[in-house]
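Below is one structure; the comments refer to it alone.
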Amino acid sequence: MPRQLAPGRLVLATHNKGKLREVAALLAGHGLSLVSAGELGLPEPAETETSFIGNARIKALAAARAANLPALADDSGFSVASLEGAPGVYTADWAQLADGTRDYAQAMAKVAALAEQHPGRLAWFSCALVLAWPDGHTECFLGEAPGQWVWPPRGLTGFGYDPMFQPEGHAQTYGEMDPAAKHAISHRARAFAQFAAACLPKSRLPA
Ligand code: IMP
């Protein structure tokens, strides 16, 4: 039986504003008072694992222990089948510039230039969500959204690699979709649905 999250304060262990916005929207109405790791001034631990779950676990445990509160961390990324799942857990690193800023236009161009050398368009986004408590207990969830990579990129909404991903069964890219439409089907929404079903009391689930 998964451990339940009691109403009260929950740390969102992310410093990424795009992800923070999306997770906050998904958690709205669940009786939780959200505070981000950034607002608490918590340090960002090194993401040294080779899986999404492993890295989310590092972030959630570090935040839960430092804040002495339950903490929810997300680790996510974009994978291209013909590139053996790259950039995968290194999705953010591929956008990193020497000065520490991130350039997603050049990161998407790099992925497309490599992917164009191989047949196949299959791609997917993954999202691991890990809920950790200060005593070291964790609950882990993985959501995936299959689709295809497209080039040139399309759309201006969303963030990161959204404009080069067209989810299965949809004509628009994540970057062209209304945020609510993306939230309804995204890898993050799928991970969140598992988390909510397992850890939030049923009375706080949407009807
Ligand atoms: P993390 O902070 O290590 O989890 O890095 C996740 C990387 O994947 C970042 O570069 C994000 O921009 C990218 N990413 C994750 N989720 C999405 C999404 O929903 N749309 C676009 N890019 C995403």
Side-chain angles (χ1 to χ4, degrees), residues 11-26 36-38 42-63 71-80 83 85-97 100-112 115 123-130 132 140-151 153-168 170 172-193 195:
V11 181
L12 290 186
T14 178
H15 291 252
N16 177 317
K17 292 209 174 70
K19 292 198 303 191
L20 198 59
R21 205 166 46 236
E22 291 197 359
V23 176
L26 288 164
S36 79
L42 304 182
E44 283 188 81
E47 298 178 24
T48 50
E49 293 284 338
T50 53
S51 71
F52 294 111
I53 294 272
N55 284 328
R57 230 173 147 262
I58 289 177
K59 292 186 272 191
L61 277 171
L72 183 68
D74 153 299
D75 196 65
S76 50
F78 183 55
S79 295
V80 174
L83 300 180
V89 290
Y90 306 106
T91 299
D93 298 341
W94 281 36
Q96 196 83 24
L97 300 180
T101 60
R102 287 181 181 160
D103 180 345
Y104 285 100
Q106 67 89 31
M108 287 191 289
K110 190 156 71 179
V111 171
W124 62 94
F125 267 107
S126 306
C127 174
L129 275 182
V130 173
C140 307
F141 309 94
L142 184 69
E144 289 187 318
Q148 52 179 310
W149 64 270
V150 300
W151 200 254
R154 306 195 315 257
L156 299 169
T157 60
F159 66 99
Y161 293 70
D162 276 348
M164 75 175 297
F165 179 69
Q166 186 175 326
E168 199 172 274
H170 295 264
Q172 292 181 312
T173 65
Y174 267 1
E176 292 171 311
M177 288 181 160
D178 182 75
K182 179 184 169 188
H183 289 163
I185 59 152
S186 78
H187 48 302
R188 195 161 290 105
R190 289 174 191 199
F192 182 82
F195 153 69

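Sequence positions, counted from 1, serve as the residue numbers for this chain. Both counts, for ligands and for their atoms, begin at 1 and track the order of listing.
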Pairing residues for Asp75 by the salt bridge (charged side-chain N to carboxylate O under 4.0 Å, His left out) criterion, not counting sequence neighbours: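 Here the qualifying residues are Lys59.
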Ligand 1: which residues have a non-hydrogen atom closer than 4.0 Å?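 Shell around ligand 1 (4.0 Å, heavy atoms): Lys19, Glu47, Lys59, Asp75, Ser76, Gly77, Thr91, Ala92, Tyr104, Phe125, Phe159, Gly160, Tyr161, Asp162, Lys182, His187, Arg188.
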N/O donor-acceptor pair under 3.5 Å between Tyr161 side chain and Thr91 backbone: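 Yes, Tyr161 side chain to Thr91 backbone: donor-acceptor pair under 3.5 Å.
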Tyr174 and Phe125 aromatic ring geometry - parallel, tilted or perpendicular at 30°/60° bounds: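 It falls in the parallel class, under 30°.
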Below 4.5 Å, heavy atoms only, C-beta onward: do Tyr90 and Thr50 meet side chain to side chain?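 Side-chain contact under 4.5 Å: yes.
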Contacts of Gln106 that satisfy side chain to side chain donor-acceptor pair (under 3.5 Å) - sequence neighbours left out: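 Partners of Gln106 by the side chain to side chain donor-acceptor pair (under 3.5 Å) criterion come out as none, since no residue qualifies.
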Non-neighbouring partners of Asp74 that pass side chain to side chain donor-acceptor pair (under 3.5 Å), sequence neighbours left out: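 Lys19, Ser76, Arg188.
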